[in-house]
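Just so we're on the same page: letters track the sequence lines, and every chain starts at 1.
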Number of protein chains: 2
Amino acid sequence: MIDKHSPMPIYYQIEEAIKERIDKGEWREGDMIPSEREFSEMYHISRMTVRQAVTNLVSDGYLIRQIGRGTFVARRKIQQKLFGLTSFTEDMKGRGMKPGTRLLDFRTVSASGPIAEQLQIPDGGEMYEIKRVRSADDLPMALEITYLSEDLVRGLTEEDVYGSLYGYVEKELGMTIGYATQELESSVAREAESRTLGIAEGAPLLLIKRFSYLEDETPLEIVYSAYRGDRYKFVVGMHRNRTDSNG
Amino acid sequence: MIDKHSPMPIYYQIEEAIKERIDKGEWREGDMIPSEREFSEMYHISRMTVRQAVTNLVSDGYLIRQIGRGTFVARRKIQQKLFGLTSFTEDMKGRGMKPGTRLLDFRTVSASGPIAEQLQIPDGGEMYEIKRVRSADDLPMALEITYLSEDLVRGLTEEDVYGSLYGYVEKELGMTIGYATQELESSVAREAESRTLGIAEGAPLLLIKRFSYLEDETPLEIVYSAYRGDRYKFVVGMHRNRTDSNG
DNA sequence: CAGTGGTCTAGACCACACG
DNA sequence: GTGTGGTCTAGACCACTGC
């Protein structure tokens, strides 16, 4: 089960093995899994290596550690996904809906102002501007305008933006997305939005502004979205920081 | 600087030392901090202990590791707080506003239905129901209804709910809050809400439903809030999961 | 090349939970 | 007392970066 000579790190192999047992239902929610020392003996590896695997799964929400008692399969594992940053495409698939895209506009424009600044594009640089209507199960769900530095994702084509931009950046360009900050506010649809989304004027809209960054903090994209208030709920899991109550 | 015989773990002391240097500006955004081996020699501790400190600070957003290059102070450290779950009181303070509370109702009611189920209160159990208007700089910001199991926070009084419930639970009861899931949706104010919040009927509202859990997954509270759309933006930082693109 | 973080070992002692 | 996770050691080899 564990290959010590695989290029895959041992701790990663253990993570996958544990997740598989949980997914298969071999270990159920609330069950105690083998102790770190048992894993260590089972696979003939050091306990610190086991701990690295378990620590990762704890922070991913799969496991719960309890001092003096043991390590347990987390309840509510459905909620694991809530903690991770996802693209529209991944979000909709996670909700069991079919994502779709209608491209309204795809162009490069010269960068300037706060958008250029946020994307760290120097004066005179170009950026992609992509306007899309995102749909779920063939009904309009959101209106999206995305900005990316042309320099960072040079060679982006219209075909690339019909699916997940995150998927493209990660799989085609081999970049690693780190995190995003998102601002959400409530608004009402004006004429233009109501027409594009097929809702009444004055109907509720959820506005989301997203700044995405790569792992090394390079700004990747800015996205302005307007989601239909009658079809979309934003769902997020948040952990309590160890340091919040102090500082 | 490091006391090996302190009851505080060494890795924690190192974390604090590093954070202090960052907060003081001794190490600035983008600066490389000493290598793990340097820390190890500096403090006469093993490198694995240093790594534990650095790993924690990386996941808290203070540091960035780069293979073969070094460890750097993260940019945008203002955004660190965005990733942590906060109470209303902490949230407003973080925005530089003065939080306030007007208590509309405080009572215990017999638990039943989906709320009792979510809070894991057995048939016949009681729960607190707390209705509050939360204000920022003395202007109404949100209408909140909170439910807690009476059994879990027995002895809660009216005075306890004028400030941060999270603070009370953590500091007075000594519990550790783990995480929460939150659902956000856009809506418009009806008559009752518009009167309580001092806004027009039909004005945008941001509705937030929150389920909080302790570290061991015990359900702590349910909160339904309605925030004024003209005064409040929900801000959140989200990390990309290692596993999102695969599974 | 030297230096960095990434992984891993084979132990150790501690505080805690439980019977 | 036994078993658990929490912390810590003093090394080791690897892949990667940058000069």
Side-chain angles (χ1 to χ4, degrees), chain A residues 2-18 27 30-59 62-74 174-176 178 215-218 242, chain B residues 2-18 27 30-59 62-74 174-176 178 215-218 242:
Chain A
I2 297 294
D3 178 2
K4 284 202 187 190
H5 302 90
S6 155
M8 288 299 215
I10 296 176
Y11 73 87
Y12 184 79
Q13 296 181 49
I14 297 178
E15 282 181 52
E16 293 302 309
I18 293 176
W27 296 333
D31 284 0
M32 190 170 105
I33 69 168
S35 76
E36 295 171 356
R37 285 169 185 83
E38 282 179 297
F39 274 120
S40 164
E41 287 163 21
M42 241 193 310
Y43 295 127
H44 304 290
I45 55 177
S46 112
R47 191 181 147 213
M48 287 302 276
T49 303
V50 176
R51 275 187 70 76
Q52 185 169 358
V54 171
T55 300
N56 287 340
L57 291 179
V58 166
S59 59
Y62 283 89
L63 300 176
I64 302 275
R65 277 208 267 237
Q66 290 188 34
I67 304 179
R69 301 222 313 127
T71 302
F72 302 82
V73 178
M175 294 169 167
T176 306
E215 204 173 26
D216 65 357
E217 296 196 316
T218 304
R242 294 169 298 153
Chain B
I2 296 294
D3 177 4
K4 284 202 185 188
H5 302 91
S6 155
M8 289 297 217
I10 297 175
Y11 74 87
Y12 184 78
Q13 297 180 47
I14 298 179
E15 282 180 52
E16 293 304 307
I18 293 176
W27 296 334
D31 283 2
M32 189 171 109
I33 71 169
S35 75
E36 296 171 356
R37 285 169 186 80
E38 282 178 298
F39 274 121
S40 164
E41 288 163 21
M42 242 194 307
Y43 295 127
H44 304 290
I45 54 177
S46 112
R47 191 182 148 212
M48 286 302 275
T49 303
V50 176
R51 276 185 70 76
Q52 185 169 358
V54 171
T55 301
N56 287 340
L57 291 179
V58 167
S59 58
Y62 284 88
L63 301 175
I64 302 276
R65 276 207 266 240
Q66 288 188 35
I67 304 180
R69 300 223 312 126
T71 303
F72 302 82
V73 178
M175 295 169 166
T176 306
E215 204 174 29
D216 66 357
E217 296 196 316
T218 304
R242 296 169 299 154

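Per the geometry, CG belonging to B/L63 stands 15 Å off C1' belonging to C/dT4, to the nearest Å. Between the CD atom of B/E215 and the P atom of D/dG5 there is a distance of 15 Å, rounded to whole Å. Taking atom NE2 of residue B/H5 and atom P of nucleotide C/dC14, one finds them 12 Å apart after rounding to whole Å. To the nearest angstrom, P of C/dT4 lies 20 Å from CG of A/D216. Distance CD (B/E36) to P (D/dA12): 17 Å, rounded to an integer number of Å. The distance from atom CG of A/D3 to atom C1' of C/dC8 is 15 Å, rounded to the nearest whole Å. One can place CE of B/M8 at 17 Å from C1' of C/dC14, the figure rounded to the nearest angstrom. The distance between atom CD1 of B/I64 and atom C1' of C/dT4, rounded to the nearest whole Å, is 16 Å.
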Got a list of protein N/O to nucleotides 16-19 of chain D N/O distances below 3.5 Å?
unit_1: D/dG18; atom_1: OP1; unit_2: B/R69; atom_2: NH1; d: 3.4

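Side-chain contact check for B/T55 versus B/Y11: every heavy-atom pair is 4.5 Å or farther apart.
Nearest heavy atoms, A/E217 versus B/A74: OE2-CB, 3.6 Å. When every heavy atom of B/V50 is checked against every heavy atom of B/S40, the shortest pair comes out as CG2-N, 3.8 Å. For B/E215 against A/I64, the heavy-atom pair with the smallest separation is O-CD1, 3.9 Å. For the pair A/I33 and A/W27, the tightest heavy-atom approach, listed with the atom from each and the gap, is CG2-CE3, 3.8 Å. Contact detail for A/R65 and A/E36: the closest heavy-atom pair is NH1-OE2, 3.1 Å. Contact between B/K4 and B/Y43 at its shortest, heavy atoms only, is CE-O, 4.0 Å.
Checked by atom type and distance alone, the side chain of A/Q13 pairs as donor or acceptor with a backbone atom of A/D3 at under 3.5 Å.
One finds no side-chain N or O of A/T49 lying less than 4.0 angstrom from the OP1 or OP2 phosphate oxygen of C/dT7. Of the side-chain N and O atoms in B/S35, none sit less than 4.0 angstrom from OP1 or OP2 of C/dG3. Contact annotation: B/Y11 side-chain N/O to D/dC8 OP1/OP2 distance is not under 4.0 Å. One finds a side-chain N or O of A/K4 lying less than 4.0 angstrom from the OP1 or OP2 phosphate oxygen of C/dT9. For the pair A/Q66 and C/dA17, the criterion of a side-chain N or O lying under 4.0 Å from OP1 or OP2 is not met. Of the side-chain N and O atoms in B/T71, none sit less than 4.0 angstrom from OP1 or OP2 of C/dT4.
For the pair A/I10 and A/R37, nearest-nucleotide mapping onto DNA chain C gives the more 5' position to A/I10.
Other residues, nucleotides and ligands contribute over 12 non-hydrogen atoms within 6.0 Å of the CE atom of A/M32.
A donor atom on one side chain and an acceptor atom on the other are not found under 3.5 Å apart for A/R51 and A/S46.
Within residues 39-48 of chain B, the residues approached by DNA chain D to less than 4.0 Å at the level of any non-hydrogen atom are B/I45, B/S46, B/R47, B/M48, in residue-number order.
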